[in-house]
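A short worksheet on the structure shown next.
Hydrogens, waters and symmetry mates are skipped; everything else that's a heavy atom, side chains included, is used.
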Amino acid sequence: DQGWCSSSWAVSATAVLGDRTSVGSGKRVVLSPGALLSCRGGRAGQGGCAGEQVGRAWHYLRKHGAWDQACALDYTTCPSRSGTNCTRHRAKPAYRIGKENTAIHPARKEEDIMYELMTQGPVQAVMEVYSDFFMYGSGVYQRTNLASSNVAGY
């Protein structure tokens, strides 16, 4: 239960990392988003309940990792990155789909997402939501001229 905490960025990133770790290890791994939510500011730069960018969450998970949900760490402060007996799981570099085509990745498309799912497991998707999204009825959403220029959410 996230309550009034805008923590979907942390909950979804750690859930995907836990599922990918589970696929790779053959056993269920459930990770806690607590470190992402409590380790704000400084170089980690996490936004806690104020929200954050998913890319920064994955950067943190690659560099520092996340701990098992069952680990009884105190998340009211940022847990020590070294002095714990709990298992820490780190992410591999994330593959970004949907960015502009580059010389290295010239043909990024839906099939890339399918391949990522087959070879690595679950993926995380983010969509910018503008104010007109709440009037969306069916089909493929396209931003209209009724939307304000501000992003309403992710």
My understanding is that only residues two or more places apart in sequence, or in another chain, count here; which of them pass side-chain contact (heavy atoms from CB on, under 4.5 Å) with Ser138?
none
Looking at residues at least two apart in the chain, or sitting in another chain, which of them share a side-chain contact (heavy atoms from CB on, under 4.5 Å) with Ser22?
Val29
Return the minimal non-hydrogen interatomic distance between [X] and [Y], and the atom names on each side.
| X | Y | result |
| --- | --- | --- |
| Ala66 | Leu61 | CB-CD2, 3.7 Å |
| Leu37 | Ala10 | CD2-CB, 3.9 Å |
| Thr14 | Pro33 | OG1-CB, 3.5 Å |
| Trp9 | Ser12 | O-OG, 3.5 Å |

Please examine the side chains of Val30 and Asp68, heavy atoms only from C-beta on, and report whether any two atoms are closer than 4.5 Å.
no
How are the rings of Tyr136 and Phe133 set relative to one another: parallel (under 30°), tilted (30 to 60°) or perpendicular (over 60°)?
parallel
Enter the distance from [X]:[atom1] to [Y]:[atom2] here, rounded to the nearest 0.5 Å.
| X | Y | atom1 | atom2 | answer |
| --- | --- | --- | --- | --- |
| Thr21 | Lys92 | OG1 | NZ | 9.0 Å |
| Leu17 | Gln124 | CG | CD | 10.5 Å |
| Arg20 | His89 | CZ | NE2 | 15.0 Å |
| Ile113 | Met118 | CD1 | CE | 13.0 Å |

Donor-acceptor contact below 3.5 Å, side chain Asp132 vs main chain Thr144
yes
Is Gln142 atom CD crowded by more than 12 heavy atoms from other residues, nucleotides or ligands, each under 6.0 Å away?
no
